[in-house]
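Below, chain A is the first sequence line, B the second, and so on; all start at residue 1. Excluded from the calculations below are hydrogen atoms, water molecules and symmetry mates; all remaining heavy atoms, backbone and side chain alike, are included.
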Amino acid sequence: MSAFRSPFMKEFAARGHLHQCTAEAELDALMAKERIAGYIGFDCTAPSLHIGNLTQIMRLRVLQRAGHKPIVVVGGGTTKVGDPSGKDETRQLLNDAAIEANKERHKEIYRRFLKFGDGPTDAIMVDNAEWLDTLQYIPFLRDVGRHFTINRMITMDSVKLRLDREQPLTFLEFNYMIMQSYDFVELYRRYGCRLQMGGSDQWGNIVSGIDLARRTDSAELFGLTSPLITTSSGAKMGKTAAGAVWLSADMLSPYDYWQYWRNVEDADVGRFLRVFTDLPLDEIARLEALKGADVNEAKKVLANEATALCHGRAAADQAAETSRKTFEGDGMSSNLPTIEVPQAEFAAGISVLAAFTRAGLTSSNGDARRQIAGGGLRINDEAVSDEKLTLGQTQLHDGVIKLSLGKKKHVLLKPV
RNA sequence: GGGGGAGUGUCCCGAGUGGCAAAGGGGGCGGACUGUAAAUCCGCUGGCUUGCGCCUUCGCAGGUUCGAGUCCUGCCUCCCCCA
C-alpha cells in the first residue's frame, strides 16, 4: 500500500483519498515518470458547489501540487441527461438556462481553488457540451453504442440499484454512463488526458470509459476513486440545518462556513484536515493527537485553513475573530450575519416573533413561540420569556440588536 | 388485455379502517451536562392567533354521511401475478 513511488500517489493515499484504482502499479509508474493530465467532471445541478464537490476539487489540487495537469470538466452536456449513480430516484431535470447560469457560477469557484492558465501544470476548464451537444444520434450509436452491451450495463451498480429497488430508470439516465465514457475518450483525444478521478459511486462510469478508450483508440487510461466522505456518526457530510454547506458566500457566509468546520465532531478532525486543507501531514498528525478540550485547537486550525482556501485569508481571519468575540470574549462583534430593517418599520415596533422569523432563526411565529417556551431564544444574550415583547430603541446596542437561537446561531438586527 | 396490491403530516420510514392535527421511530431544533465535540437525559417538531378559536393536511377529482385518511365512483402513478 505504501509502496508508491510517485509523489502524487503517495500524497493522494496518505490524505485518505484512495479508494479504488485501476492498474495501480502502472499508474504509479507512469506518474513517477512523466507529467499527465487528469480530470474530474462536475455537473451543474445547483447554483453553487458544496463541500461534497470540494472533496473532488481538493483531489485536483493534490494532482496539481504534484506537478500534473488538472482538467475540470463542467458538465454542460451531461447535466442535461442526469446521473443516476447513487440516486434511488430520478432527479428533476433542469432547463438549459438554469444549467447555463449554474455553470457560470461554478467556474468562479474552481478558479479560487486551482491555478488556471497555459503553463504545463496549469489547470484547464472544459465544458462537455462542446462535444456532446452536437452529437449525431445514428453515427454516435454506430461508433460508440456498439461497444456497450446491455448485458454489461445492467450489471453496473448505478443501474442495478434502480432495478433492484424497482424504481424506474429512464432511457435518458441509462445513457449517462455512455456520455461519461465518451467524455473520457474525448478528453484523451483532445488533451491526452490519461486519468479520471471521482467519488466511489463513479467507479462504474470511469471503468466504462477506460474500456471504451481501449476499444476505440487502443489507449490505456486510468481511473481512481475516492471514498465517500461521511461524518464519523455516519451521516453524509455537508448538511446543516439550513441545507448544504455551500462554497458561495452569497449562499453561506464565510462566518457560517468557518463555524461549520469549527463544529465538526472530534473524531473527524484529522480526516478532515487531511482532505480539506493543504497542511503538511506531520503537522496534521500533531493536531490529531490532541486530547480532550485541546481538540478545539485543531478545529480552529481546520476552520481557519478551510475558510482561507475558499474565501481568502482575510475573510477567514475575520470569521475567526468574530467567532472569538462571540464565543470566548465579552464584547459583541459587529461582523455577525446581519439583517437590515427599515428605520420606519423599526420605529413602529417589531414583535420578537417577527424579528426572529425575519432573521431566519425561526421558521414561523409558531416556531418562535415554541423556541421561547423551550428557552431557546435570546436577545442581547438575555433569554426571552415574553413572546409579546416588542423590540425598539431600548434594545439597541451600538445600533444593533443581537438575536440568538441556542448558543451558536446569532444574527444582528440593524435599523437602517 | 385480465387479476391483485400500494400511494399518510412536502426530510425519511411508518401505524392508522368513520370522530384525527392523525400512534411510533429516525432525522432536525432547543434545554441540561460539556470543550462551540461525542454520548446521555428532557422538551419541541402543520399555519395563523394563543382564550377552550380558526384555517390547511393523508396521490387527484367527485360522492355517501352530522362527520372520512378511513366507505363508494372515476382518474393518475408505481409494484406483483396471469396473458
Discussion item. I need the CG-P distance between A/Asp294 and B/U36, as an integer number of Å.
Written reply: 13 Å
Worksheet item: With rounding to whole Å, what would you report as the distance between B/C44 and B/G26 at their P atoms?
Response: 14 Å
Worksheet item: In chain order, what residues pass the ring-ring contact (aromatic ring centres under 6.0 Å, His included) check against A/His106, with sequence neighbours excluded?
Response: none
Worksheet item: Between B/G30 and A/Lys409, is there an OP1 or OP2 to side-chain N/O distance shorter than 4.0 Å?
Response: yes
Worksheet item: With nearest nucleotides of RNA chain B determined for A/Lys407 and A/Gly374 from heavy-atom distances, which residue corresponds to the more 5′ nucleotide?
Response: A/Gly374
Practice prompt. Between B/G28 and B/A37, how far apart are the P atoms? Round to whole Å, please.
Written response: 14 Å
Worksheet item: If pairing requires Watson-Crick or G-U wobble contacts with both distances under 3.5 Å, which nucleotide is the partner of B/G1?
Response: B/C82
Worksheet item: For the residue pair A/Phe276 and A/Trp261, is the inter-centroid distance of their aromatic rings smaller than 6.0 Å?
Response: yes
Worksheet item: Do A/Glu104 and A/Glu108 pass the side-chain contact (heavy atoms from CB on, under 4.5 Å) test, and can you show the C-alpha distance, the side-chain angles, and the key distance before you say yes or no?
Response: CA-CA 7 Å; A/Glu104 291 310 311; A/Glu108 181 272 321; over 6 Å; no
Worksheet item: Just how far, in rounded Å, is P of B/G30 from CZ of A/Arg378?
Response: 10 Å
Anything under 3.5 Å between a donor and an acceptor, one on a side chain of residues 340-352 of chain A, the other on a protein residue two or more places apart or in another chain? List them.
from: A/Glu345; atom 1: OE1; to: A/Arg358; atom 2: NH2; distance (Å): 3.4
from: A/Glu345; atom 1: OE2; to: A/Arg358; atom 2: NH1; distance (Å): 2.8
from: A/Ser351; atom 1: OG; to: A/Ala354; atom 2: N; distance (Å): 3.0

Discussion item. Suppose you measure atom C1' in B/U57 against the same atom in B/G2; what distance do you get, rounded to whole Å?
Written reply: 36 Å
Worksheet item: In whole angstroms, how far is the P atom of B/C29 from the NE2 atom of A/His410?
Response: 15 Å
Worksheet item: Which base sits across from B/G35 as a Watson-Crick or G-U pair, both distances under 3.5 Å?
Response: none
Item to complete: Rounded off to whole Å, could you give me the CD-to-C1' distance for the A/Glu328 and B/U36 pair?
Response: 9 Å
Worksheet, complete the sentence: Mate of B/C52 across any strand shown (Watson-Crick or G-U wobble, both atom pairs under 3.5 Å) is none
Discussion item. When you measure from the side-chain N and O atoms of A/Lys300 to the phosphate of B/G35, is any distance below 4.0 Å, counting only OP1 and OP2?
Written reply: no
Item to complete: Please state how far atom CG in A/Leu405 lies from atom P in B/U45, giving the value in whole angstrom units.
Response: 16 Å
Worksheet entry | Nucleotide opposite B/A61 in a Watson-Crick or G-U pair, distances under 3.5 Å | B/U73
Worksheet entry | Integer angstrom distance from the C1' of B/C11 to that of B/G3 | 37 Å
Worksheet item: When rounded to the nearest Å, what value does the distance between C1' atoms of B/A68 and B/U73 take?
Response: 15 Å
Worksheet item: Checking ring-ring contact (aromatic ring centres under 6.0 Å, His included) for the pair A/Phe327/A/His410: CA distance, chi angles, key distance, verdict?
Response: CA-CA 11 Å; A/Phe327 290 95; A/His410 312 279; 5.7 Å; yes
Worksheet item: Taking the side chain as C-beta and beyond, is there a heavy-atom pair between A/Ser404 and A/Lys402 under 4.5 Å?
Response: yes
Item to complete: Would you mind reading off the distance between A/Lys408 atom NZ and B/A38 atom P, rounded to a whole angstrom?
Response: 6 Å
Worksheet item: A/Lys299 NZ to B/G35 P: how many Å, rounded?
Response: 12 Å
Discussion item. Mind checking if A/Arg370 touches a base, just sugar-phosphate, or nothing, with heavy atoms under 4.0 Å?
Written reply: sugar-phosphate
Item to complete: Output, in order, the C-alpha distance, side-chain angles, deciding distance and verdict of side-chain contact (heavy atoms from CB on, under 4.5 Å) for A/Arg59 and A/Arg15.
Response: CA-CA 10 Å; A/Arg59 285 156 195 155; A/Arg15 286 189 181 268; over 6 Å; no
Discussion item. Just confirming the chi classification of B/C71, syn or anti, using 90° around 0 as the syn window.
Written reply: anti
Discussion item. Base, sugar-phosphate or nothing for A/Ser323? Non-hydrogen atoms, less than 4.0 Å.
Written reply: base
Worksheet item: Expressed as a whole number of Å, how far does the P atom of B/A15 sit from that of B/U64?
Response: 32 Å
Worksheet item: Does any N or O donor sit under 3.5 Å from an N or O acceptor when you compare the side chain of A/Asp266 with the base of B/G35?
Response: yes
Worksheet item: Is A/Leu377 touching bases, backbone alone, or none of the nucleic acid, heavy atoms closer than 4.0 Å?
Response: nothing
Item to complete: Measure the distance from CZ on A/Arg271 to P on B/A37 and round it to the nearest whole Å.
Response: 19 Å
Worksheet item: Between A/Phe113 and A/Leu54, does a side-chain contact (heavy atoms from CB on, under 4.5 Å) hold up when you go through it step by step?
Response: CA-CA 9 Å; A/Phe113 289 94; A/Leu54 178 58; 3.5 Å; yes
Practice prompt. Sugar-phosphate means primed atoms, P, OP1 and OP2; the rest is base. With that split, encode nucleotides 48-53 of chain B 5' to 3' as B, S or - using protein heavy atoms under 4.0 Å.
Written response: SBB---
Worksheet, complete the sentence: Ranking A/Gln371 and A/Ala293 by the position along RNA chain B of their nearest nucleotide, the one closer to 5' is A/Gln371
Worksheet item: When the C1' atoms of B/U8 and B/U50 are considered, how many whole Å apart are they?
Response: 28 Å
Discussion item. Using ring-ring contact (aromatic ring centres under 6.0 Å, His included), reason through A/Tyr191 and A/Tyr39 one step at a time and then give a plain yes or no.
Written reply: CA-CA 10 Å; A/Tyr191 306 103; A/Tyr39 95 95; 10.0 Å; no
Discussion item. Taking only the C1' atom of each, what is the distance from B/G7 to B/A61 in whole angstrom?
Written reply: 16 Å
Worksheet item: For B/U17, which nucleotide in any strand shown is its Watson-Crick or wobble partner with both distances under 3.5 Å?
Response: none
